[in-house]
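Below you'll find the structure, written out as structure tokens, and then a few comments.
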Amino acid sequence: MKKVATRFAPSPTGPLHIGGIRTALFNWLYAKNKQGDFYLRIEDTDRERSKIEYKDQIIKSLKWIGINYKGEEYIQSKKIEDHIKVANELLKNGQAYNCYCSSEEIEDQKKRARQKKIPYIYDRKWRDKGEEDAPKDIKPVIRFKSKIDGKSILKDLVQGDIEIDNNTIEDFVILRNDGTPTYNLSASVDDHLMKMTHIIRGDDHKINTFKQIQIYQAMKWEVPSFAHIPLIHTIEGKKLSKRDKASTLDDYSKIGIMPDALRNYLLRLGWSFKDKEIFTLEESIKHFNLEGIGKSPSKLDMSRILSMNEHYIKNIDENDLFNQLTDYCKLYKNEIKSEKKEKIKNSLTFLKNKAKTLEDIFNNGQYIITDDVNFNQSDVKLIDDKAKKVISDFNNKFRNVEKLSKETLEPIVNELIKSNDTNFKGVGQPLRIALTGSKFGPGIYDIIISLGKDEVIKRLTNKKLN
RNA sequence: GGUCCCUUCGUCUAUCGGUUAGGACACAUGGUUUUCAUCCAUGAAAGAGGGGUUCGAUUCCCCUAGGGACCGCCA
């Protein structure tokens, strides 16, 4: 058996969206599962639109989610000479030909076909014409001599056998009249040069595959296996594009979605393994296969991403969570001061309790991180005279507490409930607002213990409460 | 318009001819927690429609409907 080799081949013409990430993930997992190699190829031959920052974003995104590729990234534009060489060889072998139609001529034909509502296909005008008829003033393009008769079958590893009439594939351009190669040529040559065994990509490439296979055959190259995975759709049911909001990785990382959670979500989007929902990285490598990929497109579901993230927040090692949290804050919020970090770390067990994202944890821990209590304006209105009395009563008793724990604090609260003729809420809520600025948050004892005695007293006597 | 693909709860999906059609998310209800959340339990929720094939179809075949992708000298 040949060693499996797969690749992810994005073009750096826009930010990579999570559909692309999923394609990369599937390729990577397939290679890992087969103990093969996974490569990254940057298809930057569109000089106009390719941008270095998009290339960097692609590399960063893959790294973020934990996909590593073998060697350096393969830069397609550096291989153009190889592509041209193949075009010329096809020309020499009679598998391709010079076409002297001007682009205006072609455009005109297309327009007319559209008006008549008949399908446009290049009329193969120059397929059998001799060079002696060639106009001197037009630089030709090279077109591939596509099969005209019969049918072709693509044995797709996901979609099954797909059969089309060969005459629906036109004689496509492989070399432009400026001498640069087009996508189908470049992709085939590169995949061959890179010794790809399996091409796993979005099913928007299906038609290209029929073209590319013909190039392989014409060059007598071994044809790789193909697997076309269904696209990810938006809620509206359309192909996910770079313009869709919440489509890039950064959109997710900035709200505090963790890489492992998104990886797990993406894995299960369009792929399944029995009823299993949660996959560690090792498990996903172990179980991934092409048979588990469904044939129908799937929609992105934010609530599922969130709940997956919540699962990871609650279940991963707390040190790991803490590290991810501090990295997250450094990147997207304010870096947590080192003296606060210890408090956050000790409080993570309850801070993470009501969090779906790292941002939620950050918000829950806000009262620890910032020195000045940030009062929620509508909550602070709940501090009436009765509440003020509860706060000052609590403070008077609290001053005498030696050791902060639920056991030492609870009697005080219970006493206040009685003496103020109220319930737990009547005591807990004013205290929480005084200490954190909000009526929502962790349990009151957790808050007090996490702040420490001095800080609690300081906040209970905050002038802003009056 | 042409070619190709798809169709199970709202969403992601299981089922490889015989199931009370299962799970997860979301949703609803109840319980625990002397607030909120967590957690636990319970519930509602699906085979697009019509024909075949078969003792038996969600599953195989055909038609219809709906949806999608592609149709560049972009990738």
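Any value given below was found using the heavy atoms of this structure, including those in side chains, with hydrogens, waters and symmetry copies removed. Here is how names work: the chains are called A, B, and so on, in the same order as the sequence lines, proteins then strands, and each is numbered from 1.
Considering only side-chain N and O atoms, A:Lys206 lies nowhere under 4.0 angstrom from the phosphate OP1 or OP2 of B:rC4. Of the side-chain N and O atoms in A:Thr182, none sit less than 4.0 angstrom from OP1 or OP2 of B:rC73. Contact between the side-chain N/O atoms of A:Lys239 and the OP1/OP2 oxygens of B:rC70 is found at a separation under 4.0 Å. Not one side-chain nitrogen or oxygen of A:Ser296 sits closer than 4.0 Å to the OP1 or OP2 atom of B:rC5. Contact between the side-chain N/O atoms of A:Thr168 and the OP1/OP2 oxygens of B:rG2 is not found at any separation under 4.0 Å. In this model, the phosphate group of B:rG2 is not approached by any side-chain N or O of A:Lys110 to a distance below 4.0 Å at OP1 or OP2.
In this structure, B:rU38 makes no Watson-Crick or G-U wobble pair, since no nucleotide meets both defining distances under 3.5 angstrom. Base pairing analysis places B:rG1 opposite B:rC71; the two distances defining the Watson-Crick or G-U wobble pair are each below 3.5 Å. In a base pair of the Watson-Crick type (N1 to N3 plus N6-O4 or O6-N4) or a G-U wobble (N1-O2 and O6-N3), with each distance short of 3.5 Å, B:rA65 is matched with B:rU7.
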With the criterion being N/O to N/O and under 3.5 Å, what pairs connect the protein with nucleotides 57-63 of chain B, and how long is each?
none

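A:Phe172 and A:Phe144 have parallel rings, their planes meeting at less than 30° on a 0 to 90° scale where 60° marks the start of perpendicular. Note: A:His287 and A:Phe279 have perpendicular aromatic rings, judged against thresholds of 30 and 60 degrees for the angle between ring planes.
Residue A:Gln159 is in sugar-phosphate contact alone, with no base atom involved, counting any heavy-atom pair closer than 4.0 Å across all strands shown.
Counting all heavy atoms, side chain and backbone alike, A:Tyr183 lies closest to A:Arg201 at OH-NH2, 3.5 Å.
Between A:Asp393 and A:Lys397 there is no salt bridge, since no side-chain N of the basic residue sits under 4.0 Å from a carboxylate O of the acidic one.
Residue A:Glu410 places its side chain closer to B:rU34 than to any other of B:rG10, B:rU34, B:rA69.
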